[in-house]
**Q** 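Would you mind keeping the following structure in view while I ask a few things?
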There are 4 protein chains.
Amino acid sequence: MEANDAEGSVPDAGPEDTAARPHTGRRRNEAVRRAILDAALRLLVESEGAPITVEAVARAAGVGKQTLYRWWPSKGAVLLDALTDRAGQDVPPPDTGSLREDLRTVVAATFDAAQRAPWAPALRTLVREAATDPHLAELLRAYTGTRRALLRDVLDRGRARGELPADRDLDLVVDQVYGLFWYRFLLGHAPLDRAAAERLTDSLLAPGTP
Amino acid sequence: MEANDAEGSVPDAGPEDTAARPHTGRRRNEAVRRAILDAALRLLVESEGAPITVEAVARAAGVGKQTLYRWWPSKGAVLLDALTDRAGQDVPPPDTGSLREDLRTVVAATFDAAQRAPWAPALRTLVREAATDPHLAELLRAYTGTRRALLRDVLDRGRARGELPADRDLDLVVDQVYGLFWYRFLLGHAPLDRAAAERLTDSLLAPGTP
Amino acid sequence: MEANDAEGSVPDAGPEDTAARPHTGRRRNEAVRRAILDAALRLLVESEGAPITVEAVARAAGVGKQTLYRWWPSKGAVLLDALTDRAGQDVPPPDTGSLREDLRTVVAATFDAAQRAPWAPALRTLVREAATDPHLAELLRAYTGTRRALLRDVLDRGRARGELPADRDLDLVVDQVYGLFWYRFLLGHAPLDRAAAERLTDSLLAPGTP
Amino acid sequence: MEANDAEGSVPDAGPEDTAARPHTGRRRNEAVRRAILDAALRLLVESEGAPITVEAVARAAGVGKQTLYRWWPSKGAVLLDALTDRAGQDVPPPDTGSLREDLRTVVAATFDAAQRAPWAPALRTLVREAATDPHLAELLRAYTGTRRALLRDVLDRGRARGELPADRDLDLVVDQVYGLFWYRFLLGHAPLDRAAAERLTDSLLAPGTP
DNA sequence: ATTTAATCGAGACGGTACGTCATGTCTTCGG
DNA sequence: CCGAAGACATGACGTACCGTCTCGATTAAAT
């Protein structure tokens with residue numbers, strides 16, 4: 001979990017549109033934004049499974065519903081924003097010169113981040129919401145797209161170094177990682193610990209690979 | 001897709017409760033059961049994405065809501081029943097003596113079955129519903145559990161034949177298959193065709209494996 | 001105030017439509033109807049001036065909003081129904097043979113009924129609601145139309161007996177009575193007591209009239 | 001229609017508070033006042049029946065909501081101001097020496113003014129608003145009070161000249177006129193034309209009265 | 001000319017009510 | 001007793017106005 005502002009946030013108007021229209025009117029209240037995101041995150045974390053209602057978020061934030069709808073296009077956008085907003089910065093993927101090393105690190109970090117409290121329940125609820133909310137689904141798709149791209153870069157570098165056969169299907173590798181991750185994360189039938197990360201990495205790189 | 005009556009279906013009391021209570025009153029109308037399952041499946045197939053309401057199923061089947069609730073514990077149970085009921089028989093997993101062969105067959109069959117019209121949209125909608133409906137989630141979990149076990153058997157047999165190292169984590173292999181499958185199936189960002197099945201199989205079995 | 005069922009009530013299906021469609025399904029719950037009308041009347045009486053919300057009526061009646069909308073086309077219809085439902089039967093207008101006598105009686109009764117607790121505040125609120133609610137306005141228009149017709153009958157009989165000049169504009173007389181009534185009733189700047197009824201009657205009948 | 005500034009307008013603080021505080025700062029913009037009143041009147045005239053929102057007035061006037069609330073205590077005050085502001089000067093009630101003549105003139109003028117385009121829809125909407133807005137109701141009450149007083153003066157003069165019996169209830173006569181007027185004006189079920197004015201006048205003055 | 005203070009357009013904000021929708025339970029009547 | 005129809009309480013939805021509250025940009029008198 002990292003990155004933020006997966007759209008839905010404030011338009012973040014560039015400074016140059018000031019010429020066109022200097023933005024009259026009362027400005028957005030940052031404290032309100034914070035209150036909403038905090039409330040949403042709290043509900044996301046606490047509400048184990050139960051769906052989250054817009055009214056609950058508004059009430060918890062001490063805010064009118066309209067204020068939510070003014071700034072976010074849908075409930076899902078608020079929830080995703082709440083989750084990503086606090087999720088720390090995008091740690092750049094490692095580049096140690098060893099694919100095995102890099103891959104192991106990325107996979108373990110992914111497994112780890114998702115498990116670390118209090119993200120797990122929040123993330124699970126978010127994905128659940130996405131099933132109902134097409135808008136959130138789209139946002140989530142975009143978000144995971146960037147995550148996939150990051151991993152893909154690591155693999156590309158490894159292949160360039162000759163650590164993978166030139167004809168290896170790297171998208172498949174990426175999807176094996178994230179597929180396994182989401183499958184276990186959502187079903188919860190098997191662990192996503194460091195050992196799993198190791199074994200997954202090993203299974204993806206040919207045994208003889210350095 | 002196979003198996004049915006993953007619980008949730010009519011208990012269809014065994015014939016011996018007749019002794020205890022001779023069963024007075026009108027018997028369950030089989031035509032009604034069919035009408036409900038057919039209607040549910042039709043909605044499942046047609047409603048691309050949009051959630052399915054109990055009332056829609058009841059109306060489409062020309063049936064009272066109560067009749068639904070009388071025979072299935074939840075909306076999700078009806079939907080799952082509708083999907084599995086028609087899903088053909090459980091083809092026994094192949095046992096050709098070659099793991100690579102067997103695995104390739106199972107994986108390709110899985111990919112294929114999910115894509116074949118009209119199952120794909122129905123299955124996608126079903127999974128979406130499961131996100132909201134804990135009961136359905138549970139049923140689905142059980143269902144996929146049996147699918148996992150089947151694949152696990154194939155792998156066990158292969159390992160027994162020495163086609164896999166003794167210390168290989170077979171649960172991980174299973175989850176790599178189904179993880180990839182669901183990930184691609186639900187996101188739809190990459191194909192689940194025969195070529196993908198081949199490459200996945202190859203990536204799971206060490207290059208030198210027969 | 002009397003009469004009732006100025007539409008908006010139960011359709012009151014005649015028994016003969018049974019042939020067409022026997023009306024299957026659960027029947028309307030009379031207790032719920034009563035609870036709603038009672039709650040509405042109570043709010044109408046108590047809420048001095050303040051507008052009445054659908055949600056307040058529903059809550060006070062321990063009823064879902066939907067149930068209100070199921071049976072009445074608008075909030076106004078409920079309120080009117082609540083008021084007329086309990087307003088006693090339509091006392092037939094008097095016919096003593098003396099116009100002066102009859103008119104005095106009708107006018108005094110009208111003035112009286114409106115003032116008698118607890119109708120006054122309820123009626124005032126109802127009219128206020130009618131200003132916003134076109135549907136209620138229409139219903140109210142129909143209701144007052146029947147009241148006007150009643151008074152008109154009394155006058156017709158009087159004219160037939162020669163107690164009024166043949167060319168007297170009887171609709172004007174009717175409107176003078178109800179115009180004065182509503183004007184004073186709503187503004188409340190002057191009494192609507194028995195003396196006012198007397199003086200109004202006298203002013204409408206030429207001094208020399210028997 | 002006459003009179004204006006039935007309170008609600010700008011207080012326009014007397015010049016003597018200058019001593020206390022010299023009033024620095026920008027002065028009220030008269031053009032804005034006009035724009036608001038014009039917009040309000042236009043909406044009042046056009047919006048047949050539909051309630052008028054503050055935001056609509058502000059938008060139509062190209063003005064911020066706050067500017068409205070700065071100068072008028074309520075929406076109703078704006079509307080009343082808009083209507084009376086343009087409503088022509090207060091024609092002094094006639095005093096021809098003949099009560100019948102004077103009364104006929106006043107009544108006919110009242111009927112006429114209300115019907116003359118575009119006042120009728122505006123006045124109807126205004127009264128409708130008054131039902132919801134207690135502030136406007138009060139303003140309207142005050143306004144109609146002055147109209148009643150005017151008519152009352154005419155009657156007083158007539159009685160002083162002996163054209164009415166000394167014991168005649170003049171408030172009742174006044175209310176018969178305005179009662180009929182509002183009743184027909186708001187319900188619209190019968191005309192308020194010159195003939196009606198004639199007949200009403202005749203009915204109020206004893207037949208033998210000069 | 002500068003300061004000071006109020007006006008103005010714009011619009012964010014917390015509320016309250018709206019009328020609709022789906023849920024799962026219940027009641028009624030005919031078969 | 002089964003089954004269709006549908007009433008019912010509940011509770012969330014997304015929208016509309018309300019009246020108050022910032023905002024920066026004017027504008028005009030007092031300095």
**Q** When the distance from CD of Glu30(A) to P of dC13(E) is rounded to whole Å, what number comes out?
**A** 10 Å
**Q** Of all the nucleotides listed (dA9(F), dG3(F), dA10(E)), which has the minimum atom distance to the side chain of Thr67(C)?
**A**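 Closest of the options to the side chain of Thr67(C): dA9(F).
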**Q** What's the CZ-C1' distance between Arg34(A) and dC13(E), to the nearest Å?
**A**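 Rounded to whole Å, this separation is 18 Å.
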**Q** Among the candidates dG14(E), dG24(F), dC26(E), find the nucleotide nearest to the side-chain atoms of Arg27(A).
**A** dG24(F)
**Q** Measure all distances between protein nitrogen or oxygen atoms and nitrogen or oxygen atoms of nucleotides 15-19 of chain E, and list the pairs falling under 3.5 Å.
**A**
unit_1: dC18(E); atom_1: OP1; unit_2: Val54(C); atom_2: N; d: 2.9
unit_1: dC18(E); atom_1: OP2; unit_2: Val54(C); atom_2: N; d: 3.0
unit_1: dC18(E); atom_1: OP2; unit_2: Glu55(C); atom_2: N; d: 3.1
unit_1: dG19(E); atom_1: OP2; unit_2: Tyr69(C); atom_2: OH; d: 2.4
unit_1: dG19(E); atom_1: O5'; unit_2: Tyr69(C); atom_2: OH; d: 3.3
unit_1: dG19(E); atom_1: N7; unit_2: Lys65(C); atom_2: NZ; d: 2.8
unit_1: dG19(E); atom_1: O6; unit_2: Lys65(C); atom_2: NZ; d: 2.7

**Q** In whole angstrom, what separates Asn29(A)'s CG from dT20(F)'s P?
**A**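 My rounded result for the distance is 19 Å.
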**Q** In whole Å, I'd like the distance from the CD1 atom of Ile36(D) to the P atom of dT7(E).
**A**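 After rounding, the reported distance stands at 13 Å.
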**Q** Classify the side chain of Thr24(A) and the base of dG9(E) as holding, or not holding, a donor-acceptor pair under 3.5 Å.
**A** yes
**Q** Please check: side-chain N/O of Lys75(B) versus main-chain N/O of Tyr69(B), any donor-acceptor pairing under 3.5 Å?
**A** no
**Q** Using the side chain to side chain contact (heavy atoms under 4.5 Å, CB included) criterion, which residues pair with Ser74(D)? Sequence neighbours excluded.
**A**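 In terms of side chain to side chain contact (heavy atoms under 4.5 Å, CB included), with neighbours along the sequence ignored, Ser74(D) is linked to Ala77(D), Asp133(D), His135(D).
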**Q** Check Ala61(A) against Ala35(A) and note the closest heavy-atom contact, atom names and distance.
**A**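 Smallest interatomic distance, heavy atoms only, reads CB-O, 3.6 Å.
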**Q** Taking only side-chain N and O atoms of Arg26(A), does any of them lie within less than 4.0 angstrom of OP1 or OP2 on dT22(F)?
**A** yes
**Q** Might you point out which heavy atoms bring Leu79(C) and Leu44(C) nearest each other, and give the distance in Å?
**A** O-CD2, 3.7 Å
**Q** Can you identify which nucleotide, out of dA7(F), dG14(E), dC8(E), has its nearest atom closest to the Arg70(C) side chain?
**A** dA7(F)
**Q** Rounded to the nearest Å, what distance is computed from the CG atom of residue Leu68(B) to the P atom of nucleotide dC26(E)?
**A**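 It works out to 17 Å between those atoms.
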**Q** Does Glu48(C) have any side chain to side chain contact (heavy atoms under 4.5 Å, CB included) partners at least two apart in sequence or in another chain, and if so, which?
**A**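 Applying side chain to side chain contact (heavy atoms under 4.5 Å, CB included) to Glu48(C) gives Pro121(C).
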**Q** Measure from the side-chain N and O atoms of Glu129(C) to the backbone N and O of Pro51(C), and report whether any donor-acceptor pair falls under 3.5 Å.
**A**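 Between the backbone of Pro51(C) and the side chain of Glu129(C) there is no qualifying donor-acceptor contact (under 3.5 Å).
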**Q** Could you work out, with salt bridge (charged side-chain N to carboxylate O under 4.0 Å, His left out) as the rule, every residue matching Glu55(A), not counting sequence neighbours?
**A**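 Salt bridge (charged side-chain N to carboxylate O under 4.0 Å, His left out) list for Glu55(A), sorted by chain: Lys65(A).
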**Q** Specify the residues of residues 125-134 of chain B, ordered by number, for which at least one heavy atom lies under 4.0 angstrom from an atom of DNA chain E.
**A**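 Contacts with DNA chain E under 4.0 Å: none.
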**Q** What's the CZ-C1' distance between Arg28(A) and dA10(E), to the nearest Å?
**A**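 Computing the Arg28(A):CZ to dA10(E):C1' distance gives 17 Å.
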**Q** Could Arg27(D) and Trp71(D) be counted as a cation-pi pair, given that NZ or CZ must be under 6.0 Å from the ring centre and within 45° of the axis?
**A** no
**Q** So, OP1 or OP2 of dA7(F): does either fall under 4.0 Å of a side-chain N or O from Trp71(C)?
**A**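 No, no such contact exists.
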**Q** In this structure, how many angstroms lie between the P atom of dT15(F) and the CH2 atom of Trp72(A), rounded?
**A** 16 Å
**Q** Please identify each residue that fulfils salt bridge (charged side-chain N to carboxylate O under 4.0 Å, His left out) with Arg59(C), with sequence neighbours left out.
**A** none
